[in-house]
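To start, the structure itself, in structure tokens.
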Amino acid sequence: MTVRVRVAPSPTGHLHVGTARAALFNWLYARHHGGTFILRIDDTDRERSTAAYEEDILDSLRWLGLDWDEGVGVGGPHGDYRQSSRYERYQQAAADLVASGAAYYDNRSPDELEALRRRAEEEHLHPGHYIRRPEKAVAEGAVRLSVPPDQPVVFEDLVRGKISFEARDIDDFVILRSDGTPTYHLASTVDDVDYDITHVARGEDLLPSTPKHILITRALGAGEPGYAHLPLLFGTDGKKLSKRHGAESLSTYRDEGYLPDAVFNYLSLLGWSIDGDRTIFTRDEAIAAFDLIDVSRNPAVFDPDKLSWMNGEYIRATDPEEFRAMARPHVEAAIGRSLDEEEWSRFEEVSDLVQERTRFLPEAGEQVVFLFEDFEYDQAAWDKVMAKDGVPGILKTAQERLAAVDDWAAADIEAVLRGMLEEMGLGAAKGLQPLRVAVTGTSVSPPLFESLAALGKEKTLARLEQAQRELAG
RNA sequence: GGUCCCGUCGUCCAGUGGCCUAGGACGCCGGCCUUUCAAGCCGGAAACGCCGGUUCGAAUCCGGUCGGGACUGCCA
């Protein structure tokens, strides 16, 4: 039997990192087994579903490199893979279940239902305990599945092992609403059956729903898939991952210049590991090693710091030419306009040094603004460095010496400046920081000599001049 | 309240009865390098929730306890 797995996001928001991680694990499982990875869109919530969100989800999945073999956008033998186009199928399935006696119509009011729940609760029973088929049959209303009494629903979860629910703790849940629309349980299960899904790997939040899905599957006369309930993702405060953690949607990471390979690598480590000591590895290595059985059972905290570190690792490992191409839009964004050819060559001079210092792409832009734009001095840097004795002399001497440099290259600049330091009896830290602040506006920048070389002689001298005026004034 | 799940450094993982005076990674601290910041290198602090039991021997097996989480809807 060939593996068929799926991810089924609802287009009611951006692709959540939790969903992305689930998609990633399904994808790895499919690729490892040479199986089929399917993308289904669970858009039964017509109110909140939008085409824009659906597009964002597809984009995010593609960006992460999770290509799907069947589903929305690529087609396949099962229609358009949107639940919104399968209402008739769900209604038919519900009708079949009623006909076979596995389900029944129920027109009890919310108040009646509520009373039953209260009674169960008072008796310390599961709230759904008394939600059962009424004595008197009706032919309208919602459709509920009739849970077979007295036999526990037992299944073997790939990550958690044997899991068992007593029938008395499962209520006769609604599968088709009185307006004829299917509930999640019905739609999702019918699709999994119809699409021949072999393994359902999804968030642990759906573990309590699984016996319901198994019951529907059996009532439909189908065989159950394997289940794997993945540990949930939390924020650094231990709360459920949300916007507040700055990590909610995958598109955020794309927009902020993270590399898909890094995000892929990081996500794969949330609830899984390739072995005891490798942290950085390729997709192919992950595919070769992945198995749902190895997924961890405990919830994972999403750590933005570790992702940043990993992104830096990937950026440093990027081919320099490729890095320049990736950095360009961010450099241009930092200065708010596009670069001409001459300016671009300035960036190219220091790009290797910038690459080493970049954890995520926008930082690449921030580091080189001084090459292209006039700037305001960073006040803290100015106060700390420029207020010291001797600074005017350093600036003046440096300006004079540099003015005499003919071959404006980093090595020559360094030679001249080092000569100056020696003559003035200054240490490198003390003598060079004022120049850095004068020329870049901040106390943190790429290495000084290379920065001056890339900036150009004329601009360097002008900035030294300006800093002196600033000090004098 | 009920059902189910989970419990190794702050965090993510390794560990499936002896190889564990518990390993790797992020983060943190210190040092080296050094023109700043990074990177790199070296070193350090840091965990088996607790109590019993099984066993010659337990992070690993069992029981209990405590703690956390998910679900509990004609949402998904």
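Small disclaimer: the values here were computed from a predicted structure and weren't measured. A, B, ... follow the sequence lines: proteins, then strands. Residue 1 opens every chain.
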Inset, instruction - Please indicate whether A:Glu140 has more than 12 foreign heavy atoms, meaning atoms of other residues, nucleotides or ligands, lying under 6.0 Å from its CD. - result: no
Inset, instruction - Check whether the side chain of A:Ser178 and the base of B:C74 form a donor-acceptor pair under 3.5 Å. - result: yes
Legend entry - Reported OG-to-CG distance for the pair A:Ser249 and A:Leu15, which is rounded to 0.5 angstrom: 8.0 Å
Legend entry - Whole-Å C1' distance, B:U65 and B:C9: 24 Å
Inset, instruction - Find which nucleotide of RNA chain B each of A:Asp171 and A:Glu121 is nearest to by heavy atoms, and output the residue with the more 5' nucleotide. - result: A:Glu121
Inset, instruction - For B:C13 and B:C6, measure between their P atoms and round to the nearest Å. - result: 14 Å
Legend entry - Watson-Crick or G-U wobble partner of B:A58, both distances under 3.5 Å: none
Inset, instruction - Could you measure between the two P atoms, the one in B:G27 and the one in B:U11, and give it in whole Å? - result: 16 Å
Inset, instruction - Without swapping roles, check the side chain of A:Arg21 against the backbone of A:Leu270 for a donor-acceptor pair under 3.5 Å. - result: yes
Legend entry - Partner nucleotide of B:C37 by Watson-Crick or wobble geometry (both distances under 3.5 Å): none
Legend entry - Atom pair NZ/OG1 of A:Lys457 and A:Thr460 - distance to nearest 0.5 Å: 10.0 Å
Legend entry - Flag if over 12 foreign heavy atoms under 6.0 Å of NZ, A:Lys459: no
Legend entry - A:Met326 side, atom CE; A:Gln355 side, atom CD - distance, nearest 0.5 Å: 7.0 Å
N/O-N/O pairs, protein side and nucleotides 59-64 of chain B side, under 3.5 Å:
none

Legend entry - Test: A:Glu313 and A:Lys306 ion pair at under 4.0 Å: no
Inset, instruction - Please indicate whether A:Glu322 has more than 12 foreign heavy atoms, meaning atoms of other residues, nucleotides or ligands, lying under 6.0 Å from its CD. - result: yes
Inset, instruction - Please state the P separation for the pair B:A38 and B:C50 - nearest whole angstrom. - result: 38 Å
Inset, instruction - Would you mind reading off the distance between A:Glu414 atom CD and B:U36 atom P, rounded to a whole angstrom? - result: 13 Å
Legend entry - Integer-rounded Å distance: B:U35 P and A:Leu395 CG: 19 Å
Legend entry - Atom pair distance, as rounded to whole Å: CG in A:Asp305 and P in B:C28: 7 Å
Inset, instruction - Using atom CG of A:Leu452 as one end and atom P of B:U36 as the other, report the distance to the nearest whole Å. - result: 15 Å
Legend entry - Distance, C1' atom - from B:A59 to B:A47, rounded to whole angstrom: 10 Å
Legend entry - Shortest side-chain distance from A:Lys306, nucleotide among B:U35, B:C26, B:A76: B:C26
Inset, instruction - Say whether, by atom type as modelled, one donor and one acceptor occur between the side chain of A:Tyr266 and the main chain of A:Asp303 under 3.5 angstrom. - result: yes
Legend entry - Counterpart residues, side chain to side chain donor-acceptor pair (under 3.5 Å), relative to A:Ser49 (two or more places apart): none
Legend entry - Contacting residues from residues 151-165 of chain A, given that a heavy atom lies under 4.0 angstrom of RNA chain B: A:Arg160, A:Ser164, A:Phe165
Legend entry - B:G18 versus B:A22 - spacing of their P atoms, nearest Å: 16 Å
Inset, instruction - Ignoring backbone atoms, establish whether A:Arg117 has a side-chain N or O less than 4.0 Å from OP1 or OP2 of B:G73. - result: yes
Inset, instruction - Rounded to whole angstrom, note down the P distance from B:C19 over to B:U35. - result: 48 Å
Inset, instruction - State which of B:U35, B:G2, B:G10 makes the closest approach to the side chain of A:Pro127. - result: B:G2
Inset, instruction - Mark yes or no: A:Arg324 above the aromatic ring of A:Phe347, with NZ or CZ under 6.0 Å from the six-membered ring centre and no more than 45 degrees from the axis. - result: no
Legend entry - Distance, C1' atom - from B:G31 to B:A45, rounded to whole angstrom: 15 Å
Legend entry - Cation over ring face, A:Arg218 and A:Phe155, 6.0 Å, 45°: no
Inset, instruction - Could you tell me whether A:Asp383 atom CG has more than 12 heavy atoms of other residues or ligands within 6.0 Å of it? - result: yes
Legend entry - Comparing A:Arg297 and A:Thr279 on RNA chain B - which has the more 5′ nearest nucleotide: A:Arg297
Legend entry - A:Asp43 and A:Ser84: side chain donor to acceptor below 3.5 Å: yes
Legend entry - A:Ala429, nearest nucleotide to its side chain (from B:U35, B:C6, B:A76): B:U35
Inset, instruction - Kindly say if A:Arg359 contacts the phosphate of B:G27, meaning a side-chain N or O under 4.0 Å from OP1 or OP2. - result: yes
Legend entry - Check: A:Arg40 side chain, A:Arg82 main-chain N or O, donor-acceptor pair, under 3.5 Å: no
Legend entry - Pair partner, B:A14 [Watson-Crick or wobble, under 3.5 Å]: none
Inset, instruction - Return the orientation label for the A:Phe290 and A:Trp272 ring planes: parallel under 30°, perpendicular over 60°, tilted otherwise. - result: tilted
Legend entry - Rounded distance [0.5 Å steps], CD1 in A:Ile274 versus CG in A:Leu269: 9.0 Å
Inset, instruction - Could you check how far CD of A:Glu363 sits from P of B:A39, rounded to whole Å? - result: 11 Å
Inset, instruction - Once you apply the 3.5 Å cut-off to both distances, tell me the Watson-Crick or G-U wobble partner of B:G49, or none. - result: B:U65
Legend entry - Nucleotide of B:A25, B:C13, B:A76 approaching A:Trp309 most closely (side-chain heavy atoms): B:A25
Legend entry - Length of the CG-P vector between A:Leu233 and B:C12, whole Å: 10 Å
Inset, instruction - Decide, yes or no, whether a salt bridge links A:Glu422 with A:Arg418 under the criterion of side-chain N to carboxylate O below 4.0 Å. - result: no
Inset, instruction - Mind calculating the distance between CD (A:Gln433) and C1' (B:C37) to the nearest angstrom? - result: 9 Å
Legend entry - Among B:C74, B:G2, B:C12, the one nearest A:Asp169 by side-chain distance: B:G2
Legend entry - d(CD1, A:Ile175; P, B:G73) in whole Å: 17 Å
Legend entry - Exam field: side chain A:Asp192 to backbone A:Ile197, donor-acceptor pair closer than 3.5 Å: no
Legend entry - Mate of B:C20 where both pairing distances stay under 3.5 Å, Watson-Crick or G-U: none
Legend entry - Among B:A76, B:C37, B:C5, the one nearest A:Leu207 by side-chain distance: B:C5
Legend entry - Between A:Phe375 and A:Phe370, ring centroids under 6.0 Å: no
N/O to N/O distances under 3.5 Å, protein versus nucleotides 42-48 of chain B:
none

Inset, instruction - Name every residue in residues 259-277 of chain A that has at least one heavy atom under 4.0 Å from any atom of RNA chain B, in order of residue number, or write none if there are no such residues. - result: A:Leu269, A:Leu270, A:Gly271, A:Ser273, A:Gly276, A:Asp277
Tabulated below should be each protein N or O lying under 3.5 Å from an N or O of nucleotides 30-34 of chain B; please produce it.
none

Legend entry - Which nucleotide in B:C74, B:C5, B:U36 has an atom nearest any side-chain atom of A:Arg357: B:U36
Inset, instruction - Consider the side chain of A:Glu356, meaning its heavy atoms from C-beta on, and name the nucleotide among B:A76, B:A25, B:A38 that approaches it most closely. - result: B:A38
